[in-house]
2 protein chains.
Amino acid sequence: MYGSHEHAHCVEEAINTASRICDERGLRFTGLRRRVLELIWENHGSAKAYDLLENLGGDYSAKPPTVYRTLDFLQENGLVHKINSLNAYVGCSHPLQHKDCFFLICSACNEVEECCGTAMADALRDMTAKQDFKPDHTTLEIEGRCHDCQAGVQ
Amino acid sequence: MYGSHEHAHCVEEAINTASRICDERGLRFTGLRRRVLELIWENHGSAKAYDLLENLGGDYSAKPPTVYRTLDFLQENGLVHKINSLNAYVGCSHPLQHKDCFFLICSACNEVEECCGTAMADALRDMTAKQDFKPDHTTLEIEGRCHDCQAGVQ
DNA sequence: TGAGTTATGTAATAATATAACATTTCTTGG
DNA sequence: CCAAGAAATGTTATATTATTACATAACTCA
């Protein structure tokens, strides 16, 4: 799974970054928040709310609001994104810098890659400016096949 | 509502176009399908599945599968789009030509404008090509304020 | 006409998400 | 330290969105 890549490292790094960001902003990175973020990062795809709920384990009383509130917190603080086309959640890959980001979702391996290239953001800005539309939030999700999953599919 | 624009005309035109398209493709544009498409076009915003269900009226037995199947048919044939960020459905403005289209959603008046500009499509193609990602379907939904709803908001 | 196909009806339930209120835990000024 | 307020979590109930599975009806066309 995931080639030779030692994924535990990603998880650890994401948690450390999140912890640091919360410290800097005076937010509480509680056990529950840490646990949910860990679960989300524990695969390269996206996590569904009710799967998180099932896997919380430990001391956490698993009821939907527990998870949805935690997801809200993580989203508000830019640590997690919701993928609307999947009703699922992914960890944010660059929780500090990005403004507009978008997602490449591989329908074969289910990995979700977050992209923050400026070219797309520029094109979006141009387009909305042309229509005199003032954007607040952009959902850009592209489903298809990643490089690795195109082999043998022509 | 909707300024001086006589909206019944939009609805009628959309229905006529849909009917023609179905004829050309050997598809059955049944009473139910016509009715659902009418309801969807009866406002400029988007329609929710369960609201359609409530408003079917007439002879239609209103159970969820009735509506979802009809929405599936309309989507498959490019007559309707789902707006994932709203869990809602809009009529397609150009059911014949478009490939990649995207949506400007005004959070003040709830109108949804469908755009099919090539500039965005080009930017998307460039971006995915650069990552060697083969796109099958793109969700691009921009929520914000339309021209008319920016007055007085600075 | 009637056999096969397509569309719709119906019942049950799955999957996703929120509201409202209770309790616990943390923080911080005194 | 300690109590009061704030923030987080627990709990119950329910709302919203969507699908599965099977039955019936309506169309099509040989």
Side-chain angles (χ1 to χ4, degrees), chain A residues 18-19 21-40 45-77 79-90 110 139 141, chain B residues 18-19 21-40 45-77 79-90 110 139 141:
Chain A
S19 177
I21 288 173
C22 288
D23 276 0
E24 287 167 9
R25 297 183 187 167
L27 303 167
R28 287 160 61 187
F29 194 54
T30 62
L32 178 59
R33 290 166 178 174
R34 171 187 301 262
R35 180 74 186 120
V36 168
L37 191 58
E38 266 172 23
L39 287 172
I40 288 175
S46 56
K48 312 276 275 179
Y50 276 72
D51 291 339
L52 294 171
L53 201 48
E54 273 183 5
N55 293 299
L56 273 183
D59 302 331
Y60 305 108
S61 175
K63 301 284 161 53
T66 302
V67 156
Y68 283 104
R69 273 191 298 232
T70 306
L71 288 170
D72 286 347
F73 171 88
L74 295 171
Q75 285 176 265
E76 278 160 14
N77 293 290
L79 300 170
V80 154
H81 298 288
K82 178 171 185 182
I83 307 294
N84 285 307
S85 56
L86 302 175
N87 291 326
Y89 304 83
V90 294
N110 297 312
T139 296
E141 299 164 5
Chain B
S19 177
I21 288 173
C22 288
D23 277 1
E24 287 167 10
R25 298 183 188 168
L27 302 167
R28 289 160 60 188
F29 194 54
T30 62
L32 178 61
R33 289 167 178 174
R34 171 187 301 263
R35 179 74 185 121
V36 169
L37 192 57
E38 266 171 22
L39 287 173
I40 288 174
S46 55
K48 310 278 276 179
Y50 276 72
D51 291 338
L52 295 170
L53 202 47
E54 273 184 5
N55 292 300
L56 273 182
D59 301 331
Y60 304 107
S61 176
K63 301 284 162 53
T66 302
V67 155
Y68 282 105
R69 274 190 299 231
T70 306
L71 289 170
D72 286 347
F73 171 87
L74 296 171
Q75 285 176 264
E76 278 160 16
N77 293 290
L79 301 170
V80 153
H81 298 289
K82 178 170 184 181
I83 307 295
N84 284 309
S85 56
L86 301 175
N87 292 325
Y89 303 84
V90 295
N110 296 311
T139 296
E141 300 163 3

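Quick caveat: nothing in here was measured; it's all calculated off a predicted structure. Sequence lines set the chain letters: A, B, ... in the order given, protein chains first and strands last, and positions in each chain run from 1.
- At whole-Å resolution of the value, CG in B:Leu52 and C1' in D:dT16 are 14 Å apart.
- Note that A:Arg35 lies outside the cation-pi zone of A:Tyr60, set by a 6.0 Å cut-off to the ring centre and a 45° limit from the axis.
- Here A:Lys63 does not reach the OP1 or OP2 of C:dA20: none of its side-chain N or O atoms lies under 4.0 Å away.
- At whole-Å resolution of the value, OH in A:Tyr60 and P in D:dA8 are 14 Å apart.
- A side-chain donor-acceptor contact under 3.5 Å links B:Glu141 to the backbone of B:Asn84.
- On a pure distance criterion of 3.5 Å, no polar donor-acceptor pair joins the side chain of A:Tyr50 and the base of C:dA14.
- Distances shorter than 4.0 Å separate some side-chain N or O of B:Thr30 from OP1 or OP2 on C:dT8.
- As rounded to whole Å, 16 Å separates atom P of C:dC26 from atom CG of A:Leu27.
- Across its full length, the helix from C:dT1-D:dA30 to C:dG30-D:dC1 shows an angle of 20° between the axes of its 5 terminal pairs at either end, rounded to 10 degrees.
- In this structure, B:Asn77 and B:Ile21 have side chains that are not in contact, with every pair of non-hydrogen atoms separated by 4.5 Å or more.
- When rounded to the nearest whole Å, the span between CG of B:Asp51 and P of D:dT17 equals 8 Å.
- When all heavy atoms are compared, the tightest approach of B:Tyr89 to B:Asn87 is CE1-O, 4.4 Å.
- The closest donor-acceptor contact from the side chain of A:Asn55 to the backbone of A:Asp51 lies under 3.5 Å.
- At least one side-chain heavy atom of A:Phe73 sits less than 4.5 Å from a side-chain heavy atom of A:Leu27.
- Side-chain contact between A:Leu79 and A:Ile40 is absent, with no heavy-atom pair separated by less than 4.5 Å.
- Of the candidates D:dT11, C:dT10, D:dG10, the closest approach to any side-chain atom of A:Pro65 belongs to D:dT11.
- For A:Lys48 and C:dA15, the shortest distance from a side-chain N or O to OP1 or OP2 is not below 4.0 Å.
- In this structure, A:Asn87 does not reach the C:dA15 phosphate: none of its side-chain N or O atoms is under 4.0 Å from OP1 or OP2.
- Counting heavy atoms from C-beta outward, B:Thr66 and B:Val36 have side chains that stay 4.5 Å or more apart.
- Distance, B:Arg33 CZ to D:dA26 C1': 12 Å, rounded to whole Å.
- B:Tyr89 comes within 4.0 angstrom of sugar-phosphate atoms only, judged by non-hydrogen atoms across all strands, and of no base.
- Put simply, CG on B:Leu86 is 10 Å from P on D:dT17, counting in whole angstrom units.
- With rounding to whole Å, B:Arg69 atom CZ is found 14 Å from D:dA26 atom C1'.
- When rounded to the nearest whole Å, the span between CZ of A:Phe73 and C1' of D:dA8 equals 10 Å.
- Proximity of A:Arg28 to the phosphate of C:dC26: no side-chain N or O atom is located under 4.0 Å from OP1 or OP2.
- For the pair A:Ala88 and B:Pro64, nearest-nucleotide mapping onto DNA chain C gives the more 5' position to B:Pro64.
- The phosphate of C:dA17 (OP1 or OP2) has a side-chain N or O of A:Tyr68 nearer than 4.0 angstrom.
- Here B:Thr66 lies in heavy-atom contact (under 4.0 Å) with a base.
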